[in-house]
Amino acid sequence: MPQIFTKDDKLREQYRLQEEFVRAQRTERALLKKEREEKEKERITQNSIHFMKKQGCTPEQIAEILGIPLELVRDSSDEYGGIEGYTEPKRLS
C-alpha cells in the first residue's frame with residue numbers, strides 16, 4: 001500500500017528539514033568562530049614570545065609569564081619574518 005502524504009505532512013517535513021539546515025549552519029558558524037579565535041590566540045602568543053625574546057627574556061621567564069609550556073617557547077620561531085601576521089612595534093622617539 002503506497003504511503004499517502006497529506007499537505008500537513010509535507011509542510012511538517014519541509015519545516016523539519018529547514019530546522020535541520022539552520023542547526024547545521026549554526027554549528028558550522030560556531031566551529032568557524034572557535035577556529036578563528038584559536039588562531040588569533042596563537043598569533044598573539046607567538047608575537048608575545050617574539051617580543052619578549054627580543055627584550056632579552058629567557059625561555060623559562062617567557063613560559064612562566066605567559067603561562068604556557070616551555071616547549072612552546074623553545075619551538076617558536078626566533079625570526080620575526082617567520083611569524084605570520086607579526087608587525088614590528090613602532091619605536092617612540
Side-chain angles (χ1 to χ4, degrees):
M1 178 174 194
Q3 286 187 329
I4 301 173
F5 288 101
T6 65
K7 187 173 184 178
D8 286 343
D9 290 337
K10 288 180 182 179
L11 289 174
R12 256 189 235 107
E13 180 64 11
Q14 184 180 9
Y15 178 77
R16 185 191 70 74
L17 291 172
Q18 286 174 344
E19 286 296 310
E20 186 177 328
F21 178 74
V22 169
R23 273 193 304 278
Q25 280 186 322
R26 279 192 214 126
T27 301
E28 185 177 343
R29 282 189 200 125
L31 290 172
L32 289 173
K33 181 180 177 185
K34 184 177 179 180
E35 185 179 314
R36 278 193 305 272
E37 289 170 353
E38 287 174 2
K39 284 183 179 181
E40 179 67 11
K41 182 179 176 184
E42 184 179 324
R43 186 186 65 77
I44 290 170
T45 300
Q46 290 297 320
N47 287 350
S48 299
I49 291 169
H50 174 71
F51 179 76
M52 293 173 82
K53 281 182 177 180
K54 217 172 164 186
Q55 296 301 313
C57 294
T58 65
E60 291 79 11
Q61 290 172 326
I62 296 170
E64 185 178 338
I65 291 169
L66 296 179
I68 58 176
L70 185 57
E71 296 79 33
L72 185 62
V73 177
R74 288 188 177 139
D75 292 345
S76 72
S77 173
D78 287 335
E79 302 170 12
Y80 127 84
I83 301 173
E84 183 181 331
Y86 180 79
T87 55
E88 191 69 28
K90 294 183 179 178
R91 302 256 180 216
L92 299 176
S93 314

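None of the values given here were measured: they were computed from a predicted structure.
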(request) Look up atom CG in Asp8 and atom NZ in Lys10, then write down how far apart they are to the nearest 0.5 Å. (result) 11.5 Å
(message) Do the side chains of Arg16 and Glu13 get close enough for a salt bridge, i.e. N-O under 4.0 angstrom?
(response) yes
(request) Side-chain contact test, heavy atoms from C-beta onward, threshold under 4.5 Å: evaluate it for Glu28 versus Leu32 and give yes or no. (result) yes
(message) Contact between Glu38 and Glu42 at the side-chain level, heavy atoms closer than 4.5 Å - yes or no?
(response) no
(request) Please identify each residue that fulfils side chain to side chain donor-acceptor pair (under 3.5 Å) with Glu64, with sequence neighbours left out. (result) none
(message) With clusters defined by side-chain heavy atoms of hydrophobic residues (ILVMFWY) lying less than 4.5 Å apart, directly or transitively, does Ile49 cluster with Ile65?
(response) yes
(message) Any heavy-atom pair between the side chains of Asn47 and Ile44 that's under 4.5 Å?
(response) no
(message) Between Met52 and Leu70, is there shared hydrophobic-cluster membership here, with clusters defined by ILVMFWY side-chain heavy atoms closer than 4.5 Å?
(response) no
(message) Quick check for you: to the nearest 0.5 Å, what is the distance between Asp75 atom CG and Gln46 atom CD?
(response) 9.0 Å
(message) Using the rule side-chain hydrogen bond (donor to acceptor under 3.5 Å, both in side chains), only one of Lys53, His50, Glu71 pairs with Ser76; which is it?
(response) Lys53
(request) Could you tell me the separation between the CD atom of Glu35 and the CD atom of Glu37, rounded to the nearest 0.5 Å? (result) 11.0 Å
(message) Do Glu60 and Arg74 have side chains that approach each other closer than 4.5 Å (heavy atoms only, starting at C-beta)?
(response) yes
(request) Please identify each residue that fulfils side chain to side chain donor-acceptor pair (under 3.5 Å) with Glu40, with sequence neighbours left out. (result) Arg43
